[in-house]
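What follows is a short report on a single structure.
Start at 1 with the first residue, then count along the sequence.
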Amino acid sequence: MPSTREYLRSGVVIPAHPLALTARRTLDEDRQRALTRYYVDAGAGGIAVGVHTTQFAIRDSQFGLYRPVLELAAETAAAELARGSDTETAFVKVAGICGHTAQALSEAQTAAALGYDVGLLSLGDWQRESEEELLLHCREVAEAIPLFGFYLQPAVGGRVLSYAFWREFAELPNVWAIKIAPFNRYQTFDVIRAVADAGRDDIALYTGNDDSIVVDLLTPFPVTIRGERVVRWIDGGLLGQWACWTRCAVQLLERAKAARTSRVLDGGWLSEAAALTDANGAIFDVAHAFRGCIPGIHDVLRRQGLLRGTWCLDPKEQLSDGQAEELDRVCRLYPDLNDDAFVRDNLSRWLS
């Protein structure tokens with residue numbers, strides 16, 4: 001079996017794990033476990049917990065859910081993997097890590113103690129500091145847990161980071177992967193080129209560009225590694241979009257990898273790319289600047305029976321006006337994107 005790091009570099013589907021709540025906005029452990037089982041059985045190669053889709057508010061003292069939610073996901077995934085196989089199966093556990101250095105180190109230590117492999121390091125709280133300060137922060141956190149870098153789009157709390165930042169970040173020895181999610185083609189290529197220029201062909205590249213999933217996975221990026229002109233691919237995806245319809249996401253990645261070996265790319269991929277982007281626009285509530293993105297994911301999972309409702313820890317975080325109708329439209333228009341039959345066949349066991 002490959003090492004966790006090698007498995008990550010091979011390219012897998014990593015859903016950004018949502019938070020299942022009751023109508024009273026308390027943790028719904030049964031549904032939370034069901035979601036984790038769904039991801040394992042759908043063929044995901046890992047899960048990302050404590051990230052934006054899990055809701056950053058789990059860290060607030062009034063909820064105190066960061067450690068319990070990470071622990072529940074790790075335990076459930078391990079049990080589900082053991083149930084389905086007599087041999088050890090590779091599976092990447094990614095923990096979301098936020099805040100300034102003291103908080104980030106505390107979260108990294110918690111995640112490492114719970115058996116998480118790598119930390120997805122959000123720099124959303126670092127809006128005014130210099131890039132040199134950011135890099136110092138990254139170096140300190142990398143001593144506690146291997147890093148999954150994260151280029152987060154400004155529309156949801158990220159900041160623009162330079163090629164020079166990513167070039168230096170790629171030189172940190174304990175960087176295992178980078179999630180590229182600026183929703184911007186120029187900035188996406190900055191990261192890919194920086195990793196190549198650093199000679200780091202061991203760093204896994206993952207798309208987080210939910211608006212451009214198919215294009216990212218099928219683009220042969222021209223780069224130079226240690227003086228040699230080569231092609232670099234984005235290996236897999238760590239995506240909020242893949243928190244729902246996950247079985248279809250696994251099949252998509254498998255087909256995309258196979259298509260990379262062909263000299264001629266079927267034009268049908270462009271249509272599929274457009275369909276997925278259109279669906280994501282409804283799920284992520286692009287019409288309202290992403291305000292309903294988490295409830296949008298919840299609503300798809302609710303329609304499938306995996307969640308009871310769209311509740312978030314913040315009562316104000318709800319579907320936007322017209323978003324439910326947009327979700328009706330894309331669910332009706334793109335039935336090939338969903339895995340409703342797979343969920344229907346397995347839901348009772350996941351909930352048992």
Side-chain angles (χ1 to χ4, degrees), residues 13-44 47-49 51-55 73 76 80 210-211 213 237 239-252 272 274-288 290-352:
V13 165
I14 303 179
H17 203 308
L19 181 69
L21 297 177
T22 68
R24 299 178 63 186
R25 303 183 198 280
T26 58
L27 179 63
D28 187 337
E29 290 197 15
D30 290 342
R31 299 285 168 156
Q32 192 74 9
R33 289 186 186 278
L35 282 177
T36 305
R37 291 167 179 154
Y38 164 50
Y39 298 136
V40 172
D41 288 357
I47 47 175
V49 189
V51 295
H52 174 249
T53 308
T54 325
Q55 302 178 47
T76 304
E80 192 67 10
D210 301 80
D211 65 337
I213 297 169
L239 296 153
Q241 173 64 48
W242 285 356
C244 55
W245 301 339
T246 309
R247 181 59 185 159
C248 290
V250 171
Q251 294 166 348
L252 169 66
E272 188 168 350
L276 187 54
T277 299
D278 186 26
N280 179 257
I283 295 170
F284 270 38
D285 192 28
V286 175
H288 300 94
F290 303 95
R291 284 198 300 272
C293 63
I294 294 176
I297 295 168
H298 288 186
D299 196 54
V300 175
L301 295 169
R302 179 195 62 79
R303 291 165 187 244
Q304 294 183 297
L306 282 156
L307 293 183
R308 289 193 175 99
T310 64
W311 306 294
C312 294
L313 291 171
D314 181 354
K316 296 179 181 178
E317 199 163 0
Q318 302 176 3
L319 291 173
S320 295
D321 290 344
Q323 190 178 1
E325 290 75 16
E326 273 294 281
L327 288 167
D328 289 340
R329 179 184 67 83
V330 298
C331 288
R332 188 169 56 246
L333 189 59
Y334 306 120
D336 291 344
L337 294 179
N338 74 56
D339 55 5
D340 289 357
F342 171 72
V343 174
R344 185 169 57 249
D345 291 344
N346 292 279
L347 184 60
S348 61
R349 189 186 66 76
W350 295 334
L351 290 171
S352 63

>> Please enumerate all residues that pass side-chain contact (heavy atoms from CB on, under 4.5 Å) together with Ala73, with sequence neighbours excluded.
In response: Thr36, Ile47, Val49, Tyr116
> Can any side-chain N or O of Thr277 pair as donor or acceptor with the backbone N or O of Ala274 at less than 3.5 Å?
Replying inline: no
> How long is the gap from CD on Gln304 to CG on Leu347, to the nearest 0.5 Å?
Replying inline: 9.0 Å
> So, the side chain of Gln323 versus the backbone of Gly292: is there a donor-acceptor pair under 3.5 Å, distance only?
Replying inline: yes
>> Quick check against the 3.5 Å criterion: does Gln318 have a side-chain atom that pairs as donor or acceptor with the backbone of Trp311?
In response: no
>> Do Leu252 and Trp242 have side chains that approach each other closer than 4.5 Å (heavy atoms only, starting at C-beta)?
In response: yes
> Given Leu333 and Asp278, is the side chain to side chain contact (heavy atoms under 4.5 Å, CB included) satisfied, shown in steps?
Replying inline: CA-CA 10 Å; Leu333 189 59; Asp278 186 26; 4.2 Å; yes
> CD1 of Ile213 to CG of Leu239: how many Å apart, nearest 0.5 Å?
Replying inline: 4.5 Å
>> Could you measure the distance from the CG atom of Leu306 to the SG atom of Cys244? Nearest 0.5 Å is fine.
In response: 10.0 Å
>> The criterion is salt bridge (Lys or Arg N to Asp or Glu O under 4.0 Å); which residues satisfy it with Arg302, sequence neighbours excluded?
In response: Asp299
> Side-chain donor-acceptor pair under 3.5 Å between Ser320 and Arg291, yes or no?
Replying inline: no
> Of all residues at least two apart in sequence or in a different chain, which pass the side-chain contact (heavy atoms from CB on, under 4.5 Å) check with Asp328?
Replying inline: Arg303, Arg332
>> Rounded to the nearest 0.5 Å, what separates atom CG in Asp339 from atom CH2 in Trp245?
In response: 9.0 Å
> So, for Asp210 and Gly240, which heavy atoms are closest and what is the spacing to 0.1 Å?
Replying inline: OD2-N, 3.4 Å
>> I'd like to check the salt bridge (Lys or Arg N to Asp or Glu O under 4.0 Å) partners of Arg25; sequence neighbours left out, ordered by chain and number.
In response: none
> For the residue pair Ala279 and Leu337, what are the closest heavy atoms and their distance?
Replying inline: CB-CD1, 3.9 Å
> When rounded to the nearest 0.5 angstrom, what is the spacing between CG in Asp336 and CG in Leu276?
Replying inline: 12.0 Å
>> Quick check: closest heavy atoms across Pro15 and Ala243, and the distance to 0.1 Å?
In response: CB-CA, 4.0 Å
> So Phe342 and Thr246, side chain to side chain contact (heavy atoms under 4.5 Å, CB included) or not? Walk me through it.
Replying inline: CA-CA 10 Å; Phe342 171 72; Thr246 309; over 6 Å; no
> Which heavy atom of Leu313 sits nearest a heavy atom of Leu21, and at what distance?
Replying inline: N-CD1, 3.5 Å
> Does a side chain donor of either Asp314 or Gln55 reach within less than 3.5 Å of an acceptor in the other side chain?
Replying inline: no
> Do you know which two heavy atoms are closest between Gln32 and Pro18, and how far apart they sit?
Replying inline: NE2-O, 3.2 Å
> Got a sec, which residues hit side-chain contact (heavy atoms from CB on, under 4.5 Å) with Arg31, two or more places apart in sequence or on another chain?
Replying inline: Ala20, Asp28, Leu307, Arg308, Leu351
>> Can you tell me how far apart CG (Leu319) and CD1 (Ile294) are? Round to the nearest 0.5 Å.
In response: 12.0 Å
> Within a radius of less than 6.0 Å around CG of Asp345, do more than 12 heavy atoms belonging to other residues, nucleotides or ligands occur?
Replying inline: yes
>> Using every non-hydrogen atom in the two residues, find where His52 and Cys293 come nearest and quote the distance to one decimal.
In response: CE1-SG, 3.4 Å
>> Once ring pair (Phe, Tyr, Trp, His ring centres under 6.0 Å) is applied, what residue pairs with a partner in residues 23-43 remain, sequence neighbours excluded?
In response: His17-Tyr39, Tyr38-Trp350
